[in-house]
Number of protein chains: 2
Amino acid sequence: MSKYADIAQNIRHEIKSGVYAPGTSLPDQKSMAANFHTSRMTLQKALDLLKTEGYLYSQQGAGTFVKYNADSLVNMDIGVDQYVGTTELLGPKHKVDSRIVSFNLRYPTEIEQEKLALSATQVIYDIVRARWVDDEPYALEYTKMPVELIPNIDETVLKQSIYQYIENTLGLQIGSAFRRIEARRSTLEDIKQLNILPEDPVLVVTNIVYLADGRPFEYSKTHQRSDKSHFSIFVSGRTHEPH
Amino acid sequence: MSKYADIAQNIRHEIKSGVYAPGTSLPDQKSMAANFHTSRMTLQKALDLLKTEGYLYSQQGAGTFVKYNADSLVNMDIGVDQYVGTTELLGPKHKVDSRIVSFNLRYPTEIEQEKLALSATQVIYDIVRARWVDDEPYALEYTKMPVELIPNIDETVLKQSIYQYIENTLGLQIGSAFRRIEARRSTLEDIKQLNILPEDPVLVVTNIVYLADGRPFEYSKTHQRSDKSHFSIFVSGRTHEPH
DNA sequence: TAGTGGTCTAGACCACGAT
DNA sequence: TCGTGGTCTAGACCACTAA
């Protein structure tokens with residue numbers, strides 16, 4: 001743990017435990033740095049962290065303040081790690097399993113070539129899985145991945161988590177993700193697999209997921225039951241007051 | 001413009017114009033700092049910016065690399081400023097107007113008290129507006145705001161942008177926002193106001209928007225036509241390889 | 001072992017807000 | 001004018017990767 005992360009942890013704790021109440025200002029950087037036995041530069045890096053996390057904001061010339069909604073952040077289950085697969089998102093409290101609807105190898109369509117940065121003859125997996133949570137259908141996943149980048153996928157892997165296979169077995173690092181979320185009427189396949197009524201809509205999430213070095217490895221569409229799923233995001237604004 | 005932002009701008013341009021191709025590594029920090037006539041610390045701050053923006057990633061001991069998807073970032077219209085109101089999001093190319101469906105003052109319900117951090121007797125605005133874009137209905141907005149924080153709202157303001165009124169007239173700074181996105185069957189009011197069919201779903205977006213100091217000032221639900229709207233987000237992963 | 005990025009320091013100067 | 005936070009510097013040391 002680096003020193004500034006340590007200091008940030010400390011201040012975070014002080015905010016949560018009420019030492020610094022929302023809306024009040026922190027001591028000035030110079031004396032805080034002295035308290036933590038560090039330079040002002042290091043302290044500032046710690047404060048920067050807390051600003052991007054949404055706990056603090058500062059105003060040049062006036063001071064550094066605790067945001068009024070700092071304590072409500074504690075109750076939010078959102079992080080940068082939102083890209084993790086369904087398995088990890090739901091946690092160990094629930095029983096999650098995947099039923100493979102179909103699993104094929106084929107050449108990519110033009111759209112798939114574009115999204116996955118492939119040529120016309122680089123083979124992809126075309127996977128359709130129904131995700132069940134606590135013995136109820138939850139989502140229908142249409143996943144496309146390049147074979148070259150993610151080799152040796154078989155039914156055993158599909159029944160577990162593909163993400164864990166990529167990180168642990170292949171040793172690749174998952175990076176950022178691009179997502180598009182929309183509401184759609186359910187298709188016949190949705191009605192059948194998700195056990196819903198024709199008038200129930202689905203939440204369609206289109207994902208393009210990249211490795212840490214930026215190579216795309218997954219292009220997927222997930223049809224989620226609208227009564228069982230939603231998306232939450234926290235959009236953090238500017239950390240400084242604009243001048 | 002601070003020096004490190006300047007340098008970042010420079011590097012960003014070099015990536016976009018192909019000087020540094022995706023997947024290749026940048027020169028080492030020491031020589032880059034020399035090229036830009038600056039210290040390594042300042043250069044590092046510039047690189048940090050580009051990392052959080054998703055252009056670069058670095059690996060301790062190995063180098064700093066351009067992400068493979070760096071160039072596709074150029075085509076994405078997503079920024080931190082996603083919280084801005086509908087008016088600003090659509091830009092000046094489109095004709096946007098609001099039709100006031102109802103406008104009342106009342107005491108908040110328990111949920112509204114919680115979301116807006118109010119007591120039971122602090123009056124709120126209860127505003128229902130239909131948003132039209134290019135003479136077609138686009139969304140139905142149910143907005144609640146505390147009168148105390150955002151005073152003097154009248155029909156003139158409602159016809160324009162509430163956000164512009166808050167930032168320009170009241171001089172308050174808008175900060176972060178919390179959003180929940182889900183798919184729902186359309187209500188009778190949706191069908192009437194949005195001119196859709198009963199089987200068309202709507203995308204329901206629940207917003208809690210905070211000022212820069214963290215005080216919540218808006219709790220709203222927006223019912224958007226599913227054929228005209230979607231949500232895009234870019235989830236950036238770790239900027240360093242984990243050790 | 002050489003070279004890379006990550007962290008930390010002590011001090012300087014600037015921009016801004018409050019007074 | 002004073003005190004605040006923001007930026008910048010030059011140099012030190014550490015952690016890690018690759019050879």
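Throughout, protein chains are lettered first and strands after them, A, B, ... in sequence-line order, and every chain is numbered starting at 1.
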My understanding is that only one of B/D48, B/V66, B/L49 makes a side-chain contact (heavy atoms from CB on, under 4.5 Å) with B/L56; could you say which? B/V66
Nearest-angstrom distance from the residue atom [atom1] of [X] to [atom2] of [N]:
X     : N      : atom1 : atom2 : result
A/D48 : D/dG6  : CG    : P     : 8 Å
B/F65 : D/dT17 : CZ    : P     : 11 Å
B/L43 : D/dG11 : CG    : P     : 17 Å
B/R40 : D/dA12 : CZ    : P     : 13 Å
B/M41 : C/dG11 : CE    : P     : 17 Å
B/M32 : C/dT4  : CE    : P     : 13 Å
B/F36 : D/dT9  : CZ    : C1'   : 17 Å

Please list, one pair per line, the donor and acceptor atoms closer than 3.5 Å that link side chains of residues 18-25 of chain B to other protein atoms, with sequence neighbours excluded.
| unit_1 | atom_1 | unit_2 | atom_2 | d |
| --- | --- | --- | --- | --- |
| B/T24 | OG1 | B/A21 | N | 3.4 |
| B/T24 | OG1 | B/A21 | O | 2.5 |

Which donor-acceptor pairs under 3.5 Å do side chains of residues 148-159 of chain A form with protein atoms, sequence neighbours excluded?
| unit_1 | atom_1 | unit_2 | atom_2 | d |
| --- | --- | --- | --- | --- |
| A/E148 | OE1 | A/Q122 | NE2 | 2.7 |
| A/D154 | OD1 | A/T156 | N | 3.1 |
| A/D154 | OD1 | A/V157 | N | 3.1 |

Tell me whether the OP1 or OP2 atom of [N] has a side-chain N or O from [X] closer than 4.0 Å.
X     : N      : value
B/Y4  : D/dT7  : yes
B/Q29 : C/dG6  : yes
B/S39 : D/dT9  : yes
B/Q44 : C/dG6  : yes
B/S58 : C/dG6  : yes
A/Q59 : C/dC16 : no
B/T38 : D/dC8  : no
B/K3  : C/dC14 : no

Describe the nucleic acid contact of B/K30 in one word from base, sugar-phosphate, nothing, applying a heavy-atom distance below 4.0 Å. nothing
With rounding to the nearest 0.5 Å, note down the distance linking CG in A/L116 to CD1 in A/I111. 11.5 Å
Approximate separation, where rounding is to 0.5 Å, of B/S2 OG and B/D6 CG: 7.5 Å
The side chain of A/K45 lies closest to which of these nucleotides: D/dA15, D/dG6, C/dT7? C/dT7
